[in-house]
Amino acid sequence: MAATATTAARSQSRRELSPPPSFTADDIILLAQNSSATLPPSLSSSTVLPLLQSPSPTLLSSLLSLLSRSPPSSSLLTPVLLSFLRIFFSRTLPRNLDSSRLFYLIFPLLSHLDHSHLHSLLDFIFSHLSDIADADDAQVLDLLPHLLNLAAPDGELIKAFLDKLLSVIWSKALLVKMCSLIRDCPAISRVRVSEFLRKIFDGMRDVDIQDLPWLVFQLLLLASKGISSVSRKQLIADLLKFFEKPMKGSPSVARQVEGTILMHVKFAVKQDPSLGSEVIAVVRSDFGTFNHFAAAVLLSVASIRRFNEISIGALKSVVIGSHLDCKIARDCKWLPDITKEELLQTAKHVEKALVRTINESSSGREHLVPSILQFGFIMLDSVDGKNCEGSGTSNGLMGCEELGIQMLKTLFDVHEMTRNQMIEQCKFRILSLNHQKSSPVIKLVGYLVKDYPYPMLEYVARLKELLDYFTFMHEKTAISVIDAILPLIKFSKDLRDYIILVVRKAMFRREDAVRSAAASTILDLILEENRSKRNDSFQESSSQASCSQQAESFCRTEGCLFQELNGLLRRCLMQQVSVKEIVYKGLTKLVMLDPSTSGHVFDILWPHFLQFYSQDAEYPLRLDVCYVVENGKVSQIEPLDQLLSCVSWVVLLQQHGRSNHQSEYSLPCLGFTLSQDNEAGRVSSGELFKNALSKIRKTLSKWIFEVDFKQNEGLGSHSFQGEKSDIYGWLLRGILEVFINIAATELEKAAHEDEAVLEKEIMWLVDSYDYVEKESGLNKQGSGIRKGSSKTVVQHKTDRELKDSPRSSHLKFFSVRGSLLATSSIRQLLILAVNSYNASNFTGQTTPLNHSRSSLCKTLDQCLKLISFTLKVCFHHLKSIISIDGGGSSGDPYKAIVYGDLKQLALPIMQLIWLLKSGAKVENNITKKEAKGKKNFENKGSQLHQALLCLNELFRMSSSKAYLTELIEVLDRLDTSELNLGNTVEAADSMNHNQAATVDDPYVRTLHVFLVKRLEPLYSGLIARSLFQEAVVVSELFLLIWRTLPFEQKKLDGTWMLNVCKNKRIVNPKSAQKLVTLALHLMPSKSDLIAAQDIASELLQVMGSEEKDPIEISRTYPFVNDSTKDAITVALVQLIESCLADLDWSVSKLKAMSNLKCEFDLSTRGHQFTERSPGVILEEMVHSRSEALVNVLAFFTEMNLKDSQAEQFLKMTAKFYRLLARMTKLRIASKGCKQLLPGLKFQKLAEVACRKLTSKLYNFVALVQRNQQENVRIRGIINKIKRENKCIPDLIFQIEDYERYLIQLSKLTKVNLLRNAKRSTVRDFKILEIKKNTAQEEEIVHKSGSISSNSSQDDSGNESEGPSEDNAAEKVPSPDPIGEDGAAGDSESDEDVHVLIRNKRTKMSKVVQDSGDEA
């Protein structure tokens, strides 16, 4: 039976092997149903292909199944696959799951294809790419990865196919399919991925918006694996840039799609953390890729714990970096305009992107909210004055603070779930940070209270918790918190009562600062309630409220805080001086807000005032009770001047408000009215105050001259009398200012017949003021506007003595106060001063501001006293405006009434300046024989300096273009004839006038004309009269206005300043330094370093060198002389340091551009420029600037520099060579990038650096070391030599490093960049031991021990020059010209300036010198 079975099997096998006469489709299907059956080996393509003319999916499936069971021949497989593809593209097969299974059957068969047949299959697929219309048609592309892998040995075949694939237009289906295939095709992902990605991103704009999430997910998968790091960065950057432009479809759908994509990104980063690092790195490296989608991506990634810190840090660096770049570019005058504009637009783009991201955070992006909240507070924490502060008002940028507040306000408004956490964060940061750091957070709370009062009512409990720490906060922080939440008390009586409770507790604390904050809070509560009631009253009267509404409003005003807190206010009058000052100022504000409350204020103040006022005495004021003596020290207990100022303002406002400002709800506050007082037959407290002021006013001057200081002579010790004199002096000066303010106010509205009396009274009061200053010594203690003195050493000594004295605390306390005069009163005093000066017939010109008034000033001395007082008060008045309410608010009545319109001071100040200058001219031309005349001239010089400072302060307060324009228009009212400009030296070029006429912007034209027609003649006149201190102030004012001009207009000004000073000898070092610094700063970028070279050349002659002796004065620039050479050196060093800082930043930007060009190929994609790219332009400017800097540094290598100068010069040159090395390294192409030839400017820079600087530097180093060896026996500056010995090796290393990169670049480009280098220079150094003679050393120590310097001070940087070689240098050591403050000393010693560098070294045990042997 076994034999029979074997025979049957062989028969069956022979039947299978021998094909039937006709092989039909049914036979193939039946044969495939047998799992062990295979196609006959003899089956040819000619038999199978006819069956595929009209096949069914079943036939194709059966045929492919049979082919996979045994290795098919390539001659059969290739025709079958081609026929299948032809059938597939002909669409005769239905698009269903069966067709998808066919491709899965084909994949295993592809490995049996002959290599020669791959070309036909790829060509067939390529020829039918245009037939792919949907996702089902794109199934055929699944064959590409397998076919390309098989064709891997034939690189030309793959290259040709990929080229053809990239050359055709891709349909939507083809694009979608190719996204998923790239990562499976090594031939694409490793070689041509950049081109395919570019093709994909170009076609993604036409893809349906619903397909974008899937496409992006495929690209993220591609970025996660299978491609290089460079291609991954390119993909991420292109992906971020793609969503910068708006997508097709409605905005709501687009936001939802972006939200889905953000979820994909977050998921991909969780799966592949390296992808998150790449995203953050791309955003950090190129701010151009930053947009709203990039910001959303970083915020989404920040929600992952491991990426939270670095992702938020990347966002912070983008914002701060863009603002910082914009600020540096704006201040750098040599930077190309295209670079400045690009950086400005980048900063604006970053801000707009963040704002858009926050505004769209509610569209399916709730997972971003925690990250946005965190980033918003980080932006507030970044406000430190160095990053974004101040940039918010420039060029339309918001800045860190405004941006952070805007983000958090939007979150508070849109996302209710963040409100509780936001308030908690605010509370925590206010309590944990210092005042400066917490100020932005407090501002945020204030904005939330004003803009969202009703939602904030839900968090009153949180605010109460914050108020519980009121007594533990900084004084300014506590006041700011109360100011922020005060608007909420009109909606919450509970919050108001709680604030009052907290304040009552705070008044019993021992800390003075806490009680001051409590007093300020009490007054703020009263003012806020008064202000809100007045607003409600105005709204009701304008809206014609009903009777019920009026009744309700009346009920709301029954509980008056002024009445409730009356006792607390009286308690405040028993506190320290600072609390009383707050109360007096607050009551003044209250009366200014509502004059009808003046009677109640008088009732509170009168009992307190009686302590310091005797009604029946001849001289009623009692200053002796304004201070107390405790333990031999004098302490002030009453600011009587502030009290009188408060009373005077209340009296003045009561007169204006009695008929026009009656307030119904303010009358019943204390339970009685003024009419009740009159009915009772009593004199009101207001009348009593008026009588008291009148009596004090009549007797004040007489009391001061006859009684006050004389009755205190001879009492107590000298120190006790000094402290008492300080208090007396400050109080009397304040009291005199109060009554001068009253008289000036009356003078403004007085009739013609009363003017003379008031002017006489003012002059008496001013004489009294001057007498008080002299008797109390306050005129010697500094007024804040003291003119600079050439006796620097003496002045420093005086300042130290004053600082260490016990009187310094009183001076600090009083110096923080401003003047007690109003702006209108100061204007009247200025007008009176101008008319008085004209009436003195000193200048010979008459320019009265009011021709109807005649000055009563009979002598020039009286006139100068009036001018000095007015300018001093004006300066303090302008300075104090900054500190009023933290900069002042627009609704502050005190600021509106007391300060008013400050521009009205500009006209009389400017005219007074020209009068004083003209008077100085006449006085300068007259030979004075009397000492009094000389004193008057010095006084006029000081007053001119004060007047210029006042004008500067007016311009510093110009916060807007409108204010500055109006201020200049006020000053332009003075005619040229009035200013007597005909005799003024004209330093400005006439070309400037013509160029100003061609300016289109009226604002710019106004500024330019003012500079040319007003400030330039003023500056020239001051220089011509040798008034250099005053010229410095004018130059600072010029610089202040010059900075507001556009960059194009800045080029027109600046050169004239150096031309004016060019032929003038200046002997004051401080003036010379400032004038040269400002002149070089104002000059155009093409001229500043050229002028610096000329000045350095003349400075070399004055300083002297090894070959030439120094000269006394330069012939070309007389301001470079023996007295000013150290100051001029400081000015040039500051210019060099500024240039090095700009170059450092520019080289870093060039490095970023170079990395982008190498990694992303930006020269052909993303940035299209018609001419040269910004990077090339910037690079050329950097090389040109560096070349000019080399020429300046070359002169310093030959000068006889002092110790500190030599040390700083070595550090500067080392820094410069480090920059040169970085520039050269950037010229060397990275791996895979094309090496370019160095530009002509770079070659010129290398030539100049090697020829002019490097060789001279080696000689300079050798000279320094030789001088060290020659002076080893001198003791005192060993630590300086040690520091220099650290600088020298660093400099040599930087030079060698720079030349190393030059050698590499020369080899790569075949350009000899070292042909001018001095190769014979000895560069090896060794330590040489100095033989010590113990006996000599002890003798030297014995002789110089008394003047040896402290080593610890040398190490800390507080250097002392040690012993000088001459007696003059020992007695008055020359100040270090390059010290901590960078200011040159004003030493007048001629011996110090001739001391060579070799005479400034000290003994040391080891020195570094050149080796005598060649390496």
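FYI, side chains are in, hydrogens and waters are out, and symmetry mates aren't considered; it's all heavy atoms of this structure.
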Quick check: closest heavy atoms across [X] and [Y], and the distance to 0.1 Å?
{"X": "P453", "Y": "L488", "answer": "O-CD1, 3.5 Å"}
{"X": "L527", "Y": "G586", "answer": "CD2-O, 4.3 Å"}
{"X": "L1178", "Y": "S1146", "answer": "CD2-O, 4.3 Å"}
{"X": "L380", "Y": "P440", "answer": "O-CG, 3.8 Å"}
{"X": "T289", "Y": "V282", "answer": "OG1-O, 3.8 Å"}
{"X": "L525", "Y": "L561", "answer": "O-CD1, 3.7 Å"}

Has [X] got more than 12 heavy atoms of other residues, nucleotides or ligands less than 6.0 Å from its [atom1]?
{"X": "Y469", "atom1": "OH", "result": "no"}
{"X": "F267", "atom1": "CZ", "result": "no"}
{"X": "R205", "atom1": "CZ", "result": "yes"}

Discussion item. Between N434 and H474, is the side chain to side chain contact (heavy atoms under 4.5 Å, CB included) condition met? List the steps.
Written reply: CA-CA 8 Å; N434 57 32; H474 187 274; over 6 Å; no
Sidechain-backbone polar pair: [X] side chain, [Y] backbone, donor-acceptor under 3.5 Å:
{"X": "T410", "Y": "N359", "value": "no"}
{"X": "D208", "Y": "D211", "value": "no"}
{"X": "S361", "Y": "T357", "value": "no"}
{"X": "N308", "Y": "A302", "value": "yes"}
{"X": "S322", "Y": "V318", "value": "yes"}
{"X": "S532", "Y": "E528", "value": "yes"}

Is the closest side-chain heavy-atom distance between [X] and [Y] below 4.5 Å?
{"X": "F242", "Y": "N291", "result": "no"}
{"X": "R504", "Y": "L565", "result": "yes"}
{"X": "L262", "Y": "F293", "result": "yes"}
{"X": "R509", "Y": "F470", "result": "no"}
{"X": "D325", "Y": "T346", "result": "no"}
{"X": "V279", "Y": "V265", "result": "no"}
{"X": "E475", "Y": "E511", "result": "no"}
{"X": "K589", "Y": "L523", "result": "no"}

Fill in: I304 vs K270, side chain to side chain contact (heavy atoms under 4.5 Å, CB included): CA-CA, chis, key distance, verdict
CA-CA 8 Å; I304 304 174; K270 284 184 176 181; 3.8 Å; yes
Worksheet entry | salt_bridge(D512, R515) N-O dist < 4.0 Å | yes
Worksheet item: Below 4.0 angstrom, N of the basic side chain to O of the carboxylate: do E351 and K348 qualify?
Response: no
Roughly how far, to the nearest 0.5 Å, is [atom2] of [Y] from [atom1] of [X]?
{"X": "S285", "Y": "E278", "atom1": "OG", "atom2": "CD", "result": "9.5 Å"}
{"X": "L335", "Y": "K340", "atom1": "CG", "atom2": "NZ", "result": "6.0 Å"}
{"X": "M263", "Y": "H367", "atom1": "CE", "atom2": "NE2", "result": "5.5 Å"}
{"X": "L495", "Y": "Y459", "atom1": "CG", "atom2": "OH", "result": "15.5 Å"}
{"X": "L315", "Y": "L298", "atom1": "CG", "atom2": "CG", "result": "4.5 Å"}
{"X": "S250", "Y": "R255", "atom1": "OG", "atom2": "CZ", "result": "8.5 Å"}

Answer yes if the side chains of [X] and [Y] hold a donor-acceptor pair under 3.5 Å, and no otherwise.
{"X": "D272", "Y": "S274", "result": "yes"}
{"X": "H415", "Y": "E366", "result": "no"}
{"X": "Q345", "Y": "E341", "result": "yes"}

N/O donor-acceptor pairs under 3.5 Å from side chains in residues 422-432, not counting sequence neighbours:
{"residue": "E424", "atom": "OE2", "partner": "R462", "partner atom": "NE", "Å": "3.3"}
{"residue": "E424", "atom": "OE2", "partner": "R462", "partner atom": "NH1", "Å": "2.3"}
{"residue": "Q425", "atom": "OE1", "partner": "R429", "partner atom": "NE", "Å": "3.2"}
{"residue": "K427", "atom": "NZ", "partner": "E465", "partner atom": "OE1", "Å": "2.7"}
{"residue": "R429", "atom": "NH1", "partner": "D381", "partner atom": "OD1", "Å": "3.2"}
{"residue": "R429", "atom": "NH1", "partner": "D381", "partner atom": "OD2", "Å": "2.3"}
{"residue": "S432", "atom": "OG", "partner": "F428", "partner atom": "O", "Å": "2.7"}

Discussion item. The criterion is salt bridge (charged side-chain N to carboxylate O under 4.0 Å, His left out); which residues satisfy it with D206, sequence neighbours excluded?
Written reply: K248
Discussion item. Using side chain to side chain contact (heavy atoms under 4.5 Å, CB included), reason through I489 and L486 one step at a time and then give a plain yes or no.
Written reply: CA-CA 6 Å; I489 64 173; L486 269 183; 4.1 Å; yes
Worksheet item: Can K316 and I312 be said to form a side chain to side chain contact (heavy atoms under 4.5 Å, CB included), step by step?
Response: CA-CA 6 Å; K316 177 182 174 181; I312 295 296; 5.5 Å; no
Fill in: All pairs passing salt bridge (Lys or Arg N to Asp or Glu O under 4.0 Å) where residues 406-419 contributes a residue, at least two apart
K409-D451
Item to complete: Using the six-membered ring wherever Trp is involved, compare the ring planes of F491 and Y454 and label them parallel, tilted or perpendicular (cut-offs 30° and 60°).
Response: perpendicular
Worksheet, complete the sentence: The single option from R496, K490, K493 that satisfies salt bridge (charged side-chain N to carboxylate O under 4.0 Å, His left out) with E529 is R496
